[in-house]
Amino acid sequence: MNLDDIRKQMANCECGHAHDFDLEGLEISSGAINRVSEILKKYNFPTRILMVADENSFRVTKGLYEQLLDNGFTVELRVYESMRVADMREVRELEVALKRVDGLLSVGTGSINDICRLSSFRADKPLAIVATAPSMDGFASDSAPITENNFKISYFCRQPKIIIADTAILAKAPVELKAAGFGDVMAKYIGIADWRVANLLHGDYYCERVAQFVRDAIARMVALADKVVIDNEETAGAIMETLVLTGISMQLAKCTRPASGTEHIVSHFWECKKLVEGKISDYHGKKVGVATLITAEIYYKLLELDSVTAKKEVLDWTEIENAYGKELIDEVKKLNLPDTIVNEIDPALIEEKWDEIKQIIRDEIPSPQRLYELYRIAGAATTGEEIAVNPDLYDLGIQYHVYMRRRVTIMRLLPMLGIRAIDVYKQTQK
Ligand SMILES: [Zn+2]
Ligand SMILES: [Zn+2]
C-alpha cells in the first residue's frame, strides 16, 4: 500500500473537502521489528522518547527496547500490566511523562494505542505505533475512545506519524484477535449505510469517494475471510493493511462516520454498563462484530415495511434512566436535552424518503445470512455468549444504545416510527 497513491486518489474531490491525512510512514513487512530504529530515523522521529507497552506487547516485541538504546535513542519505558480499558487516568499520567520527552512510541494494539493517541495529541508530541496484532482499525484513526467515570467518549486526536507492523508478529497473534479485526471491518457495512441516511435526512456531510474507499477495503477483507484463522504472514499483513485503510478513511472524512455506525454504539453501551459493575469487556472488534450482525438483522427486517408513519420523538426518561442506571444517566441527558438530535428531522421527510432508506440498506449491507456465513469462515464471534454479554444486557443495548451518542443513524429513527428495536430483533430470532 502506497500512501502517496491514496493521496492522489483523493485529490480534487467533488465533495469540495481537501482529503488528507497525517500518516507519513507505513511499514508492514516481515522482520520490520528489527528495523524500528532505522524507520523512526528515516521519518525524522525524535530520539528522546517515551515507550509505552503492556506486558504482552513488550514480550512479543522482545529486544525492541535494547535495539532503540543501541541506536542512540533515549527511552523512558512504561510497561502496564495489562490494559483492557483505555481510561482517562492513564492518559493524564502519560501527558505528565511526555513533558520529559519529544515523542511517544506506542507498542501494542487497542487500549494501549488509544491512551497514547490522546496523550500525545494533548501534549503535542509526535506518535509512532508498533502494532502487535491486527485486532481493530484504530491504528491510523484520529480519534480515541477513552473511558472516564465509566462513560466512554471518542476524543479527537491526531493520526500517528508512523505505523510499523512486523507480519511475523501479526501472524502469531491469537486467532481471536485477528477475528476481532475482521469484525471491526464488517461494521463498516453498517457505518456507510447509517452515514448515507444521516446525509439524506439530516444533511450530515457525506463523501462518496471516501465511502467507496471504505467499500474497497471491506471487499479486500471479505476476500481474505477464509485466511483469518491461519498463521500466515502474508494474510496477517493484508488484514493489517485493510485495518489501516479503514482507519485512514476516518481522517479523510474528518469524522468517524465511514468506520462506525450504530453497531459501535451498541458495543459502547455494553461496555459502559459492564464497567459500572467493575467488569472488563471483550475485545472491541469482537463485540462490534456481534453488534453488526444484530443491526443487519434489524435493518433487513425493516425492508418488509412498505411505508412508515413518523412523529416527533418524546422521550420516556423513566424508562431510559432504568436502562442506563444512575451512574450513566447524567451523561445521557447531556446528549439529549434540551432536545434530541432526531427532533431536528421533519417526520414527514422520513415518510417521504422511506423507499430511499430501504434502498440504502439493500445497497450497502449484505444479508444477515451472508454475514453469518462470512463470520463462520473467519472464525468470528456471532453471539452474546461469546462476548460475555448476558441476555438482559444484550437486549438493553439493542433497545437503548441510541441515546448515548448524538448521532443520526437508521436505528436512531425507530423511536420516531413507533418501532422498538428489540421487538424487531426478537422477531428475527424466531
Ligand atoms: Zn470527498
Ligand atoms: Zn471499531
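None of these values were measured; they are calculated from a predicted model. Every number for a ligand or one of its atoms is a count from 1 in the order of the listing.
- Between the side chains of Y80 and E93, at least one donor-acceptor pair of N or O atoms lies under 3.5 Å.
- Contact of the Y403 side chain with the R412 side chain is registered, since non-hydrogen atoms from C-beta on lie closer than 4.5 Å.
- Residue contact annotation: H17 places no N/O/S atom under 2.8 Å from the Zn ion (ligand 1).
- Remark: at the Zn ion (ligand 1), atom SG from C13 and atom NE2 from H19 enclose 110°, rounded to the nearest 10 degrees.
- Centred on the Zn ion (ligand 1), the SG atom of C15 and the SG atom of C207 lie at an angle of 120°, reported to 10°.
- Below 30°, between 30° and 60°, or above 60°: for H264 and H284 the angle between ring planes is between 30° and 60°, a tilted geometry.
- Cation-pi geometry between R117 and F121 is not met at under 6.0 angstrom from the ring centre and within 45 degrees of the axis.
- For the residue pair N199/R196, the side-chain donor-acceptor check at 3.5 Å is not satisfied.
- Taking the Zn ion (ligand 2) as reference, H264 places its N/O/S atom NE2 nearest.
- Considering just the N/O/S atoms of H284, the one nearest the Zn ion (ligand 2) carries the name NE2.
- Closest N/O/S atom of D184 to the Zn ion (ligand 2): OD1.
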